[in-house]
Amino acid sequence: MAPRAAYYLSTPIYYVNDSPHIGHAYTSLACDVLARFMRLDGRDVLFLTGTDEHGQKVEKSAIAAGMETQEFVDQVSERFRALGEVMGYSNDDFIRTTEDRHTRSCQELWRRIVANGHIYLGKYAGWYSVRDEAFCTEAEVTDGPGGGKVTVTDGSPVEWVEEPSYFFRLSAWQEPLLEFYEKNPQAVAPESRRNEVVSFVSGGLNDLSVSRASLKWGIPVPGDPGHTMYVWLDALTNYISAAGFPDTECDLYRTYWPCDLHMVGKDILRFHAVYWPAFLMAAGVKPPTRVFAHGWWTNEGEKMSKSLGNVIDPHDIVERYGLDAVRYFLLRALPFGSDGDFSHRAIVGRMNDDLANDYGNLAQRVLTMVNRNCAAAVPEPGAFTPADDALLGAAEALVETVRADLGEQSFHRALIHIWEVVGQANRYVDEQAPWVLRKEDPARMATVLYVVIETLRHLAVLTQAYMPAASGRMLDQLGVAEDARTLAALGPDGRLAPGTPLPKPEPIFPRFVEDSAAS
RNA sequence: GGCGGGGUAGCUCAGUCGGUAGAGCAGUGGAAUCAUAAUCCAUGGGUCGGGGGUUCGAGUCCCUCCCCCGCUACCA
């Protein structure tokens, strides 16, 4: 038997200075759905997430909180782990940049880049924003209200810093990067983001400051402990640290690197699509296969911000709408890659129309009939008619379509395709009218009900990646064994066995009923 | 300023090679009654952002203008 094809995908590591919000939840959710789907498809998956714990900002926050820095990051990192539990993530690893394995990896990557002549000692002078962890050009700085200088973009204060610094020779990587994008058109997605990246690189690249002398909370530069690595070089390296680097001969590394997919928000695309491949190529390491930048959410049409106080906390919406509904909505509401709006009306529409009415009710109406008229067991089908074959054929063809959609991270399209079959099944039930057959032709009724529950088996197996809990309950009601819920079990060979006892059906997707007492 | 992406039914959006404008939701009418008052059927006279052009024929190609979004530059 051939070894299972490996699939390595990552979320960004989240900065511990932030509180987990819907943006973090969304990025990881997309990865989780992909990871689950790939596992169902028999792939050997490594799904990585974690936390970014270094930098001046963290150090200052710890002091402000009156805590030891390590104690502070331990506590905040835990919040991101907790988010994973609330959202049902199935990550295989959770890396923290304060771990030894990461320090070793970073330092070795640095040594290799130095050995190849791409890091040199220079001097940096400029405006530095502690909040943004970045130096700013003169054009990005303006006079602040309090007399000091602030950034133009978000008004965070900047301070003038002059210090010796190590530089990464990014300027030398312009051509290799352009060649990389050219040869690997799928390396940056979606298409519009790829254009932006190519355009940015074509415009010329400046060398990058990759160390800071004034920073203590970070990874020391090998051979020059007076310097600490620049936060992005540190953070990005987590992706190979988790793959066992620098031990490039270990199973982990040989199996999973290069990473198949880095999922990121559009704000950090440049770091992943430009700096990161350059760092790796400079060290003689293969760059990641693909970086996908998704969009932002607004809340009821408004940009989310701390000052507006309208930042969506994943815990709140999961509590209000339920995890399965939230997971479904976030990936169905908009084309993946675009910006989207989170509104109460929109999610309730999806919950009630798509989940409760179309999908949930399809299962309920058919399983109830089976329960009452087929001795609560999978019925014995007779010969299939063309109408039966049409529905079964559509259900069986779905796996190919969904695999292709998810292969290009088109989460919403996969759901649209699945729901086309949901609609087809509802129409089939109306046309066949098993409640009429019950009196006139019980054998035909049994066949019709069988065709629908067999269709439901396909639907439920496929929706597992998006809605693990609800889909699992549906598979329970269909009498599908735990070990028969993979994509390999789809198709005619895995059909439901007549006579299998079925439990009494219970509604799977609750309708959201507005609380009229409120307001 | 440059580059990229958009401007299509009340709302969210599809529209491959140019050939009588589509889907979902919402609305209206009807059927059915197995089901979570769920389902199914019927129903869209929209200047396809404005103007001009090419063509027998353009949402779909060309020119131009307006507006929105993203990336980026420069002036300062």
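By convention in this document, chain letters (A, B, ...) are assigned in the order of the sequence lines, proteins followed by strands, and residues within each chain are numbered from 1. Given the structure is predicted, the values throughout are model-derived calculations rather than measurements.
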Asks: Distance between the C1' atoms of B:G15 and B:A9, in whole angstroms?
Replies: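 It works out to 14 Å between them.
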
Asks: Closest to the A:S192 side chain: B:U33, B:G4, B:C71?
Replies: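 Nearest to the side-chain atoms of A:S192, counting from C-beta on, is B:G4.
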
Asks: Find the distance A:L269:CG to B:C69:C1' and express it as a whole number of Å.
Replies: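 Distance, rounded to whole Å: 16 Å.
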
Asks: If you look at every strand shown and take non-hydrogen atoms under 4.0 Å, does A:D339 touch a base, only sugar-phosphate, or nothing?
Replies: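 Answer is nothing: A:D339 stays at 4.0 Å or more from every strand.
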
Asks: Under a 3.5 Å cutoff, is there a donor and acceptor pairing between the side chains of A:T11 and A:T27?
Replies: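 Result is no, nothing qualifies.
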
Asks: Between A:Y321 (side chain only) and A:F512 (backbone N and O only), is there a donor and an acceptor less than 3.5 Å apart?
Replies: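 No, A:Y321 side chain to A:F512 backbone: no donor-acceptor pair under 3.5 Å.
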
Asks: State whether A:D339 and A:K303 are salt-bridged, where the test is any N-O pair (Lys NZ or Arg NE/NH1/NH2 against Asp/Glu carboxylate O) under 4.0 Å.
Replies: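 Salt bridge flag = no for A:K303 with A:D339.
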
Asks: NA contact type, A:G360, heavy-atom cut-off 4.0 Å: base, sugar-phosphate, or nothing?
Replies: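 A:G360: base contact, heavy atoms under 4.0 Å.
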
Asks: For A:R427 and B:U39, is the shortest distance between a side-chain N/O and OP1 or OP2 below 4.0 Å?
Replies: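 A:R427 to B:U39 OP1/OP2: no side-chain N or O under 4.0 Å.
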
Asks: Taking the same atom, C1', in B:C67 and in B:G50, what whole-Å distance lies between them?
Replies: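 It comes out at 11 Å once rounded to the nearest Å.
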
Asks: Does B:U28 have a Watson-Crick or wobble partner in any strand here, with both distances under 3.5 angstrom, and which is it?
Replies: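 Checking every strand shown, B:U28 finds its partner in B:A42, with both distances under 3.5 Å.
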
Asks: Test A:L449 against every option in A:V370, A:V429, A:L437 by the side chain to side chain contact (heavy atoms under 4.5 Å, CB included) rule and name the one that passes.
Replies: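 Result for side chain to side chain contact (heavy atoms under 4.5 Å, CB included) with A:L449: A:V370.
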
Asks: With RNA chain B as reference, determine whether A:F200 or A:T368 sits nearer its 5' end, using the nearest nucleotide of each.
Replies: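 With A:F200 and A:T368 compared, the 5'-side residue is A:T368.
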
Asks: Rounded to whole angstrom, note down the P distance from B:G59 over to B:G7.
Replies: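 That atom pair is separated by 15 Å.
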
Asks: For A:I347 and B:C11, give me the distance from atom CD1 to atom P, rounded to whole Å.
Replies: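 From A:I347 CD1 to B:C11 P: 23 Å.
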
Asks: Report the base-pairing partner of B:C74 (Watson-Crick or G-U wobble, both distances below 3.5 angstrom), or none.
Replies: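 The base-pairing partner of B:C74, which may sit in any strand shown, does not exist here.
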
Asks: The side chain of A:D353 lies closest to which of these nucleotides: B:C34, B:C40, B:C25?
Replies: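 Nearest listed nucleotide: B:C25.
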
Asks: How many Å lie between CG on A:N361 and P on B:A38, as a whole number?
Replies: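 For the pair A:N361 CG and B:A38 P, the rounded distance is 9 Å.
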
Asks: Mind telling me whether A:F271 and A:W232 have parallel, tilted or perpendicular rings, with 30° and 60° as the class edges?
Replies: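 A:W232 and A:F271: parallel rings.
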
Asks: Rounding to an integer number of Å, can you tell me how far A:L334 CG sits from B:A23 P?
Replies: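 Atom-to-atom, A:L334 to B:A23, this comes out as 23 Å.
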
Asks: Start at the 5' end of RNA chain B and walk down; is the nucleotide closest to A:R193 or to A:Y359 reached first?
Replies: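 In this pair, the answer is A:Y359.
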
Asks: As a test of reading the structure: which of B:C34, B:U36, B:C71 is closest to the side chain of A:E196, going by heavy atoms?
Replies: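 The listed nucleotide nearest to A:E196's side chain is B:C71.
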
Asks: Nearest whole angstrom, please: distance from the P of B:U36 to the CZ of A:R473.
Replies: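 For the pair A:R473 CZ and B:U36 P, the rounded distance is 16 Å.
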
Asks: Looking at B:G19, which nucleotide sits across from it as a Watson-Crick or G-U wobble partner, both distances under 3.5 angstrom, or is there none?
Replies: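 WC or wobble partner is B:C56.
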
Asks: Between A:S28 and A:Y14, do the side chains contain an N or O donor and an N or O acceptor separated by less than 3.5 Å?
Replies: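 Side-chain D/A pair, A:S28 to A:Y14: present.
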
Asks: What integer distance in Å separates A:N352:CG from B:A37:P?
Replies: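 Nearest whole value for this atom pair: 11 Å.
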
Asks: When the P atoms of B:G49 and B:G6 are considered, how many whole Å apart are they?
Replies: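 Result for the P pair: 13 Å, nearest Å.
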
Asks: If you compare every side-chain N and O of A:N357 against the phosphate oxygens of B:U39 (OP1, OP2), does one of them come in below 4.0 Å?
Replies: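 So the side-chain polar atoms of A:N357 do come within 4.0 Å of the phosphate oxygens OP1 or OP2 of B:U39, strictly under.
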
Asks: Please report the distance separating the P of B:G44 from the corresponding atom of B:G10, rounded so that it comes out in whole Å.
Replies: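 Rounded to whole Å, the distance is 14 Å.
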
Asks: What distance, rounded to whole Å, do you find between the two P atoms, one in B:G18 and one in B:C61?
Replies: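 Rounded to whole Å, the distance is 8 Å.
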
Asks: Categorize A:I508 for me: base, sugar-phosphate, or nothing, with a 4.0 angstrom heavy-atom threshold over every strand shown.
Replies: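 Result for A:I508 = base.
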
Asks: Work out how far the C1' atom of B:A21 is from that of B:U60, and round it to whole angstrom.
Replies: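 Between the two C1' atoms, the distance is 12 Å.
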
Asks: Among B:A35, B:G4, B:U33, which nucleotide sits nearest the side chain of A:W435?
Replies: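 Among the listed nucleotides, the one closest to the side chain of A:W435 is B:U33.
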
Asks: Where the side chain of A:A356 is concerned, which of B:U36, B:G4, B:C40 is the nearest nucleotide?
Replies: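 The nucleotide sitting nearest to the side chain is B:U36.
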
Asks: By the 4.0 Å heavy-atom rule, please label A:S199 as base, sugar-phosphate, or nothing.
Replies: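 Contact class for A:S199: none.
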
Asks: Check whether any side-chain nitrogen or oxygen of A:R345 sits under 4.0 Å from OP1 or OP2 of B:C25, and answer yes or no.
Replies: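 No, A:R345 has no side-chain N/O under 4.0 Å of OP1/OP2 on B:C25.
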
Asks: Rounded to the Å, how far apart are A:D324 CG and B:U36 P?
Replies: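 Interatomic distance, CG of A:D324 to P of B:U36: 20 Å.
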
Asks: Is the closest basic N to carboxylate O distance between A:E179 and A:K183 below 4.0 Å?
Replies: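 Between A:K183 and A:E179 there is a salt bridge, with a charged N closer than 4.0 Å to a carboxylate O.
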
Asks: Between B:A38 and B:A32, how far apart are the two C1' atoms, rounded to whole Å?
Replies: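 That atom pair is separated by 12 Å.
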
Asks: In whole Å, what is the span from the NZ atom of A:K439 to the C1' atom of B:C34?
Replies: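 Taking NZ of A:K439 and C1' of B:C34, I get 10 Å after rounding.
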
